[in-house]
Number of protein chains: 2
Amino acid sequence: MAQKETVERILDAASVLFAERGYAETSLRTITTAAGVNLASVNYHFGSKKALIQAVFARTLDPFCQQLSENLNKLKGSDQVEALFRCLFSTLMETVAAKPGLNQAEQVIELQRFMRLLGMAYTQSQGHLRRFIVSQYGDLYRRFLNLLRDTLPGINPVDFYWQLYFLLGATVFTLSSIDSIQGIIEDNFSEHSGVERALELLIPTLSRMMQIPAVDSSTPAAD
Amino acid sequence: MAQKETVERILDAASVLFAERGYAETSLRTITTAAGVNLASVNYHFGSKKALIQAVFARTLDPFCQQLSENLNKLKGSDQVEALFRCLFSTLMETVAAKPGLNQAEQVIELQRFMRLLGMAYTQSQGHLRRFIVSQYGDLYRRFLNLLRDTLPGINPVDFYWQLYFLLGATVFTLSSIDSIQGIIEDNFSEHSGVERALELLIPTLSRMMQIPAVDSSTPAAD
DNA sequence: GTCTATAACGCGATAGAC
DNA sequence: GTCTATCGCGTTATAGAC
């Protein structure tokens, strides 16, 4: 039974290595060696390196999106910005980080790994991966966006988009680097600061970001 | 005289291609072909691919950091968060974007290119580049950080670091994707939304982000 | 299904003529 | 300072024995 799990071994090794080095910088040789499987097995089981990259993503994103969809259903009626973010991040924690048998430090690493993979899907030139994500998960993304917009009834729709990207960048960047930020903080202040602290700070900060104070006079709103 | 500029031609082509595809994904063959110079000339003029990557960075960061240092001197005495961000971004615009002979659309591309290069220096596994940047420009970075912290006297130092990364992510991510965000906005709202709009939105948003409302009761402060 | 061996190719870097 | 030619290596992918 130590053999049947070849596919899982490859996925495990690949997600770790992709997150550490990026997609282009990680060779199939490195992955198969780390996984303790044969070099040829990636092409046998997945067909190509690109298909492996997509499979790594789907393994995490499928359960996350399914759970998020359910959690959003329960939320219906609520109109708090913070509640939406809280729903998003708690889904992230329960599906991505809180895998059985992981202690808290390992959960952080798991979360960070996924955020790095996600960030690099946009940062690196992996057009096939962006297309894959949009085609597979675009509906849920748009649904979340609409819910978020509905909680901010007075917002200028164009400003909303800009704010949205501010928000996205803050989240992905921070959660991607969470262990190095923790390290800097511990070095400088001899104080541990965990993910839960970061998220408890991030959620109100994102909510504060989205609150546009007053319409700036210079650009009249479109009608 | 069309020859002496080989070094410049290489730097121009390299910064465009690195920003588009990343460092690992861009070969010297691609760069030299785009630049219309010989394959061997990169190794002749720069010594190695790594040295070329660093040179691409230095060409933009040197003037930016020098100008920022001067602009911060003029600012001394002011204690507004917004003034600091405004100084940072106006320096960015005047040294990175506003090169002679560029129209506004070209300036956006120039700015975006630099932000992408900067983001990828951290995202991709380019340890030599991070070390280069820290060693060359670390002093100014720390100086800016201290000024920023001084404008927020009541802030919890640990929270300050987390907020700082939220801020960094929002900025780099947004300015890296500025043309695609503009494209989405124009498709959906038939309304042009330029960088100046994004920056006018970003500056108060970042300032708002940094303002911690009140200490949350649940986590007692370390003494 | 898994292995070894290798094909087919692209890479960074360099030697040496000009 | 610029060229051609090529070395040496690492890559993805595949063919074929087991």
Side-chain angles (χ1 to χ4, degrees), chain A residues 1-57 59 117 120-121 124-129 131-132, chain B residues 1-59 117 120-121 124-132:
Chain A
M1 75 175 64
Q3 296 137 306
K4 185 62 209 2
E5 46 183 41
T6 298
V7 167
E8 285 299 310
R9 294 170 66 84
I10 293 173
L11 285 172
D12 287 341
S15 60
V16 170
L17 290 165
F18 284 148
E20 278 173 3
R21 322 183 181 190
Y23 301 108
E25 296 91 336
T26 307
S27 71
L28 295 184
R29 281 177 151 75
T30 311
I31 294 169
T32 50
T33 302
V37 302
N38 190 267
L39 170 59
S41 56
V42 167
N43 274 278
Y44 177 77
H45 288 289
F46 296 93
S48 71
K49 186 181 179 180
K50 286 184 182 182
L52 169 62
I53 293 173
Q54 294 176 7
V56 165
F57 247 92
R59 189 171 61 149
L117 291 173
M120 289 190 307
Q124 299 195 253
S125 69
Q126 295 288 340
H128 71 97
L129 184 51
R131 269 173 267 126
F132 171 78
Chain B
M1 73 176 66
Q3 296 137 305
K4 185 64 211 356
E5 46 184 41
T6 297
V7 167
E8 286 298 311
R9 294 170 65 86
I10 293 173
L11 286 172
D12 287 341
S15 59
V16 170
L17 290 165
F18 284 148
E20 278 174 3
R21 320 181 182 191
Y23 301 107
E25 297 91 335
T26 308
S27 71
L28 295 185
R29 286 176 150 77
T30 309
I31 294 168
T32 50
T33 302
V37 301
N38 191 268
L39 170 59
S41 55
V42 166
N43 275 278
Y44 178 77
H45 287 289
F46 296 93
S48 71
K49 186 181 179 180
K50 286 184 181 181
L52 170 62
I53 294 173
Q54 294 175 7
V56 165
F57 246 92
R59 189 171 60 150
L117 291 173
M120 288 190 307
Q124 298 196 253
S125 67
Q126 295 289 337
H128 71 97
L129 185 50
R130 282 193 293 277
R131 269 173 267 127
F132 171 78

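In the text below, chain A, chain B and the rest are named by the order of the sequence lines, each starting its count at 1.
The two residues B/Leu52 and B/Ile31 have their closest heavy-atom pair at CD2-CD1, 4.1 Å. A/Ala24 approaches A/Gln126 most closely through the heavy-atom pair N-NE2, 4.3 Å.
Remark: C1' of C/dT2 and CZ of A/Arg9 are 13 Å apart, rounded to the nearest angstrom. As a whole-Å value, the separation of A/Leu28 CG from C/dT6 P is 20 Å. Rounded to an integer number of Å, the gap from A/Glu5 CD to C/dT2 P is 11 Å. Separating the CD atom of A/Glu25 from the C1' atom of D/dT12 is a distance of 16 Å, rounded to the nearest angstrom. As a whole-Å value, the separation of A/Leu17 CG from D/dT11 P is 12 Å. A straight line from NE2 of B/His128 to C1' of C/dG12 spans 13 Å, rounded to a whole angstrom. One can place CD1 of B/Ile31 at 14 Å from C1' of C/dG10, the figure rounded to the nearest angstrom.
Taking only side-chain nitrogens and oxygens, A/Thr6 never comes nearer than 4.0 Å to OP1 or OP2 of C/dG1.
Side-chain atoms of B/Leu39 and B/Arg29, non-hydrogen and from C-beta on, do get closer than 4.5 Å to each other. Here the side chains of A/Leu129 and A/Gln124 are not in contact, with every heavy-atom distance at 4.5 Å or above. Contact annotation: the side chain of A/Thr6 never approaches that of A/Asn38 to less than 4.5 Å [non-hydrogen atoms, C-beta and beyond].
A/Thr26 comes within 4.0 angstrom of the backbone, heavy atoms only, and of no base.
Of the residues in residues 35-55 of chain A, A/Leu39, A/Ala40, A/Asn43, A/Ser48, A/Lys49 come within less than 4.0 Å of DNA chain D through at least one heavy atom, sorted by number.
Counting only distance, with no hydrogens or angles, the side chain of B/Thr30 and the backbone of B/Thr26 share no donor-acceptor pair below 3.5 Å.
B/Arg29 contributes a side-chain N or O that forms a donor-acceptor pair with the base of C/dG12 under 3.5 Å.
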